[in-house]
Chemist: 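Handing you this structure, nothing more for now.
Per chain, numbering begins at 1; letters A, B, ... match sequence-line order. No experiment lies behind these values; they were computed from the predicted model shown.
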There are 2 protein chains.
Amino acid sequence: MGSFRSRLLSLFSRKPVNPLMDAQITEVGTLPQLPEALENFQTEQARKRVVIEGVYPEIDGGRFPVKRTLGDKVKVEADIVADGHELIAADLLYRREQDASWRFARMMPLTNDRWRGEFQVLELGRYVYAIQAWVDRFRTWQWDLKKRVDAGQDVAVQFLVGAELIEDAITRAPDRQAAMLQEWAAILRGAGGLQEKFEAAQNPELAELMRQNPDRRFISTYDKNLTVVVDPVKARFSTWYEMFPRSCSSVPGRHGTFKDCEARLPYIAQMGFDVLYLPPIHPIGLTNRKGKNNAPKAGPDDVGSPWAIGSAAGGHKAVHPELGTLEDFRHLVERAKEHGIDVALDIAYQGSPDHPYVQEHPTWFRRRPDNTVQFAENPPKKYEDIYPFDFETEDWPKLWEEFKSIILFWIDQGVRLFRVDNPHTKPFHFWEWLIAGIKQDYPEVIFLSEAFTRPKVMYRLAKLGFTQSYTYFAWRNTKWELTQYFTELTQTEVREYFRPNLWPNTPDILTEYLQFGGRPAFMIRLVLAATLGANYGIYGPPFELGVNQPREPGSEEYLDSEKYEVKYWDLNRPESLKDFIARVNRIRRDNPALQSDWNLRFYPIDSEQLICYGKCTDDLSNIIVVVVNLDPHHAHGGWLTLPLKELGLDPAQPYQVHDLLGDGRFLWHGARNYVELDPHTLPAHIFRIRRRVRTERDFDYFM
Amino acid sequence: MGSFRSRLLSLFSRKPVNPLMDAQITEVGTLPQLPEALENFQTEQARKRVVIEGVYPEIDGGRFPVKRTLGDKVKVEADIVADGHELIAADLLYRREQDASWRFARMMPLTNDRWRGEFQVLELGRYVYAIQAWVDRFRTWQWDLKKRVDAGQDVAVQFLVGAELIEDAITRAPDRQAAMLQEWAAILRGAGGLQEKFEAAQNPELAELMRQNPDRRFISTYDKNLTVVVDPVKARFSTWYEMFPRSCSSVPGRHGTFKDCEARLPYIAQMGFDVLYLPPIHPIGLTNRKGKNNAPKAGPDDVGSPWAIGSAAGGHKAVHPELGTLEDFRHLVERAKEHGIDVALDIAYQGSPDHPYVQEHPTWFRRRPDNTVQFAENPPKKYEDIYPFDFETEDWPKLWEEFKSIILFWIDQGVRLFRVDNPHTKPFHFWEWLIAGIKQDYPEVIFLSEAFTRPKVMYRLAKLGFTQSYTYFAWRNTKWELTQYFTELTQTEVREYFRPNLWPNTPDILTEYLQFGGRPAFMIRLVLAATLGANYGIYGPPFELGVNQPREPGSEEYLDSEKYEVKYWDLNRPESLKDFIARVNRIRRDNPALQSDWNLRFYPIDSEQLICYGKCTDDLSNIIVVVVNLDPHHAHGGWLTLPLKELGLDPAQPYQVHDLLGDGRFLWHGARNYVELDPHTLPAHIFRIRRRVRTERDFDYFM
């Protein structure tokens, strides 16, 4: 297994050779360890005159890390002030958590005593950052000297003051720099004229030497070291496909296997998905097994819910015998890789009454006064086929370790992505411990939180370490709702720790919008998910096949849900959206602007049924503008207004909009343009904007 | 001196008997000490399922205290969530810093998992507060039971679950409560009918007993203890008068004395001031003494700037011989008290070249390469009559202690208010240490920060402990400026630590607005200061006499400034604003709504030259609406809109507006009403709004 594991590990580059080396970042050797907390009024502190506050990003006073992906820049801002009128210098310090020495980047003042610095993260795992600042006596001296000279004052003594500052720096400088500084000091002390001395005082080389050798005695250090978790790029940009393996058989009525899943891989890859997420693959309990459509009693042929985990055949570290063997599963994982697809498993910490744990660890379950084990319930709802674990058990350390060992077991089988079922019904501390522990050894692992609960609980789980999170997207349908929600997710502090993963449907969620909107509704929700979010997923084949029958009116459950039975899907039905999905996912892959969440901006469009938004790369080399008709029934038109300046477009020049979805190309001019969308043909445009770069004869070139 | 000091101390009630006892607050004895920091994943923590975050107020992660005055309520909010579906209970814990035991108040849920609790501060000094929360198993059981019963489920086992919870609480309850709980448990376990048991389960007395005896094992405690500094009421509401003692003589040309100041007290008291602030009263240096109008060389008769502190006659602990003796000063302090006036001193940590410190502590000053002491300068400006202290001296601990001893010296003379000169040119750490140290023994002391500098430095000084702070008010003249600035000061987190003290003029600040606006400008700025801010002050007699000649065009310095010479003021000049000021201050004293900053709200008025705002007491028993014409030259009229609902006014009933300034009474009806103000008669209204309480015959009564 060891060689297997190391082989798979190589798929997740843990020490990537990254081309994005930032020339601004320079090593300056080991600094003394930063103090853990501000010790007021001790000798060391009393004379530190600079204070650092209002640091961003900093989540809950530094209690939680922020999240980035490989190659990202971490921009850090702070308010930095000192008493008096002197100038300040500030450094942003950073290192990988396990490293002893700090690297540093200079911070630059913005306005109103706000400073900014940045560094780029090139390795997976945890980085820490801190800020140091100090009174820059030399630059203050330069500045004051200039003002004195301008005012015609006698500055003879001032050159001696400057020489003293330089001579002080010499005692701290490395030899080569010390020699250079000595020359500058000599000029200021020398017999030369005022002109020569004044020019020396203003020399940028001297200033740089002095900046590199500051008086560290009175340097102020921010009283917290803050943390960044660096995840693989897939944490930021991923395209998920959820599928029940048991419904993958090519023969109607036969229980699907891992081998059948392998045969399905080309289909999934052609649609452009790069994560294949499987609901639980473990043995399914018999006791109180649910029948079709969640019937309280199963018939003899009913297969039960995969979330009722555990039987005589094993628990969370076993595979359901009808799916195949563990070897089969590992083979599927490898084959998927060849298609550019990572397999994600479902982690549901709960057991069926037949789970081996029930016998082996009776204290892990709560008992009722009649000595029966407490089954899962949310009164008046009952889930008799599932036993929850009692996290308040005295035996919790063993419980926690066992649960961690489940993750490690599947990591050993090659899995690096885990979709976690209902994390909001297990203690917060557990998740923080579990995820931190796993990612310490496997920083490439991605945990997706499947919590549809109160907003603050969802955010807390993200802070605790979940790499991605399900959202309320499925129930946000109107322009106002979408704008509000995605502004909160992408333009507030939330984005520092909560990475949305948008799902228009799941096996539990068939929204009213999909039930009643017909095929256009599926197209609309797909385009929204795929372009509002860099991470999104669908539950297929029901999604691409447009399955939209609920169990009963008012329910969001599917009729004859796969959760309780084996299904056969005809993937080649003519109404399938598979080509449309493939096109959208191709657009996502080809356009880096769509691979990020933070760059989302909403643009005005004068129809309540039309929504318009854009995403650009930082350098504006890739500009995407999306327009969606939110009404699946009727055509709507409206005037949209683009922020030309923000997009780097010349208001006096035409620009090309290329509809990557419908393939039309239009020449637009100015900020306001008209768009009309008929949901029965194509309910959305995904425009790529191209600037005119040159004109030859009568032909315009755009890029 | 001891008896003198204790006599004065009695003026500042340090253990007040306060009538505002909140019946909601109940003592529950000593709790174990709260943990200082969250120790993750230790046995104690692992099973604590509730998390507490987003606590307000909490300044910079608890680094700084919030401020309140005696009798204030401290309202504390937090986001409190747990995993799962169970209900939560939460307590706000609080105690005086020096107390061992906590008191607590229950927190109540608002919406979206936000909780709020409050306590009232009845003693000066520091309080700490914290939050505890836990899963309320019993209330969850009650709630679930009700849902089960409503769904017609069999709940026999549930009564046993409830009995177990009660029996568990019995082990923790005091004897009397244990006996009562035993009875309830017996009912649930007994042979009675379901009806009896269900009613018992819902009984509020049982619920209350269970609430008082929670299972403390898994209680979550917020990981920080937060601090409140409780100041005397004068910190929130005070009216300052700044005056140069040397200009108080009743004989023109003669140097005024403390005795002359005593004679001036009735005049000051009649105007309604309760703080008399004196610029430095210490011996004035001779070396490099400034002449009139800041001339670089003083003539033989020039008296110098009081801020050039120190001569052969002494330093910061001495009084200028021409003003009288220390005994005279103490007498002035006592006489002022009899007029309801506290004397505030100016603390300027700087010395003249003749200050005894220069000889006694040469290391406290920085020397230039030519071995001269570095005088104060802000290039190209020079202040040769002043030596700044070098806070970076190796001897800083002695320097700090000496500076603290200066405050203690004047506290011994009966002074409890200090206006601190230019605190932004001394280290932040020093102020935090100094103020905390003084207030530990004298929590009634008020420090006013005279910092006119960068916004973040002013805020930082306030966080560090200054009780009140000068503001940019003097330079905020337009409606937009005033609205922006006072919204920031009173409706954001800033108000938790920064208490504005508004000055329309100071000896350093004669604004252009006052220079060119004539008498109406003085009235306008006075009304704004006195009603926008609960703390305000003027520099007199120049203010009430309307002195408005600058030293030169474009300067904010007074011509022939008192800073450099002895002045004689004719207080009975007919144009004096003293009666107007007295009236405004009387309105402030009579109307509690004007004694607070937090209740300021701006109301729309459709003229750019008119500003309208209101202040109400919490119970709406006192409602003040102010309208000011900001243009000192021309009359303006406009329609204002009052938020009737917010003010508790019935839109269908007339209400009385009583102009406390002009004494007119008007009946208004509805939200929109017209106001016109001519600056040459009266540039402002200060309306008291009275609701109609009853009508008898044809006569309306308002209160």
Chemist: Heavy-atom pairs under 4.5 Å with chain B are the metric here; pick the option from A:P397, A:A82, A:P369 that has the most.
Modeler: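 The option with the most such pairs is A:P369.
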Chemist: Taking side chain as everything from C-beta outward and backbone as N, CA, C, O, which of these in B:E392 sits under 4.5 Å from a heavy atom of chain A? Side chain, backbone, both or neither.
Modeler: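 Both parts, backbone and side chain.
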Chemist: Heavy-atom count check: over 12 atoms from other residues, nucleotides or ligands less than 6.0 Å from B:R454 CZ?
Modeler: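 For B:R454, atom CZ is not crowded (no more than 12 foreign heavy atoms under 6.0 Å).
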Chemist: Where on A:K382 is there a heavy atom nearer than 4.5 Å to chain B: the side chain, the backbone, both, or neither?
Modeler: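 It is the side chain, since no backbone atom gets that close.
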Chemist: Show your working on side-chain contact (heavy atoms from CB on, under 4.5 Å) between B:L160 and A:R368 and close with a plain yes or no.
Modeler: CA-CA 9 Å; B:L160 298 180; A:R368 303 198 297 171; over 6 Å; no
Chemist: Is it the side chain or the backbone of A:R366 that comes within 4.5 Å of chain B heavy atoms, both, or neither?
Modeler: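 Looking at A:R366, just its side chain touches chain B.
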Chemist: Could you tell me which non-hydrogen atom of B:T393 sits nearest to which non-hydrogen atom of A:R47, and how far apart they are?
Modeler: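 Heavy atoms only, the tightest pair is O-NH1, 3.5 Å.
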Chemist: Please state whether the side chain, the backbone, both or neither of B:K147 comes within less than 4.5 Å of a heavy atom of chain A.
Modeler: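 For B:K147, the contact with chain A is made by backbone and side chain together.
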Chemist: Let's test your reading of the structure: which of B:N112, B:D370, B:V457 forms the most heavy-atom pairs below 4.5 Å with chain A?
Modeler: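 Ranked by heavy-atom pairs under 4.5 Å with chain A, first place is B:N112.
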Chemist: Please identify each residue that fulfils side chain to side chain contact (heavy atoms under 4.5 Å, CB included) with B:P388, with sequence neighbours left out.
Modeler: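 Applying side chain to side chain contact (heavy atoms under 4.5 Å, CB included) to B:P388 gives B:A376.
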Chemist: Out of A:Q153, A:R114, A:Q158, which one racks up the most heavy-atom pairs below 4.5 Å with chain B?
Modeler: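 Winner by heavy-atom pair count: A:Q153.
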Chemist: As an exercise, state the distance from CG of B:D79 to CZ of A:R460, rounded to the nearest 0.5 Å.
Modeler: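 Answer for the CG-CZ pair, B:D79 versus A:R460, is 10.0 Å.
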Chemist: Surrounding NZ of B:K146 (heavy atoms of other residues, nucleotides or ligands, distance under 6.0 Å), is the total greater than 12?
Modeler: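 No.
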Chemist: Flag the one option from A:P427, A:A163, A:P455 with the top tally of heavy-atom pairs under 4.5 Å to chain B.
Modeler: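 Of A:P427, A:A163, A:P455, A:P427 has the most heavy-atom pairs under 4.5 Å with chain B.
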Chemist: Less than 4.0 Å between a side-chain N and a carboxylate O, is that true for B:E53 and A:R63?
Modeler: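 No.
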Chemist: So do the side chains of A:E377 and B:D144 get within less than 4.5 Å of each other, counting heavy atoms only?
Modeler: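 Counting from C-beta outward, A:E377 and B:D144 never come under 4.5 Å.
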Chemist: Would you mind telling me which of A:A451, A:P379, A:G152 has the largest number of heavy-atom pairs within less than 4.5 Å of chain B?
Modeler: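 Answer, by heavy-atom pair count under 4.5 Å with chain B: A:P379.
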Chemist: Using a cut-off of under 4.5 Å on heavy-atom pairs, state which of A:V55, A:V161, A:T372, A:N378 scores highest against chain B.
Modeler: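 Of A:V55, A:V161, A:T372, A:N378, A:N378 has the most heavy-atom pairs under 4.5 Å with chain B.
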Chemist: Under the rule for ring-ring contact (aromatic ring centres under 6.0 Å, His included), what residues qualify as partners of A:W364, not counting sequence neighbours?
Modeler: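 Scan of A:W364 (ring-ring contact (aromatic ring centres under 6.0 Å, His included), adjacent residues dropped) gives A:Y357, A:H361.
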Chemist: Considering only heavy atoms from C-beta outward, does the side chain of A:P380 approach that of B:R148 to under 4.5 Å?
Modeler: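 Not in contact.
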Chemist: On a heavy-atom basis, which atom in A:D113 and which in B:K456 lie closest, and how many Å separate them?
Modeler: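 Closest approach of A:D113 to B:K456, heavy atoms only: CB-CD, 4.3 Å.
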Chemist: Any heavy-atom pair between the side chains of A:D83 and B:F391 that's under 4.5 Å?
Modeler: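 SC-SC contact between B:F391 and A:D83 ruled out.
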Chemist: Taking the side chain as every heavy atom from C-beta outward, state whether A:V81 and B:H424 have any atom pair closer than 4.5 Å.
Modeler: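 No, their side chains stay 4.5 Å or more apart.
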Chemist: For B:E58, which atoms come within 4.5 Å of any heavy atom of chain A: side chain, backbone, both, or neither?
Modeler: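 Neither part.
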Chemist: When you compare the side chain of B:H429 with that of A:R49, does any pair of heavy atoms fall below 4.5 Å?
Modeler: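 No, their side chains stay 4.5 Å or more apart.
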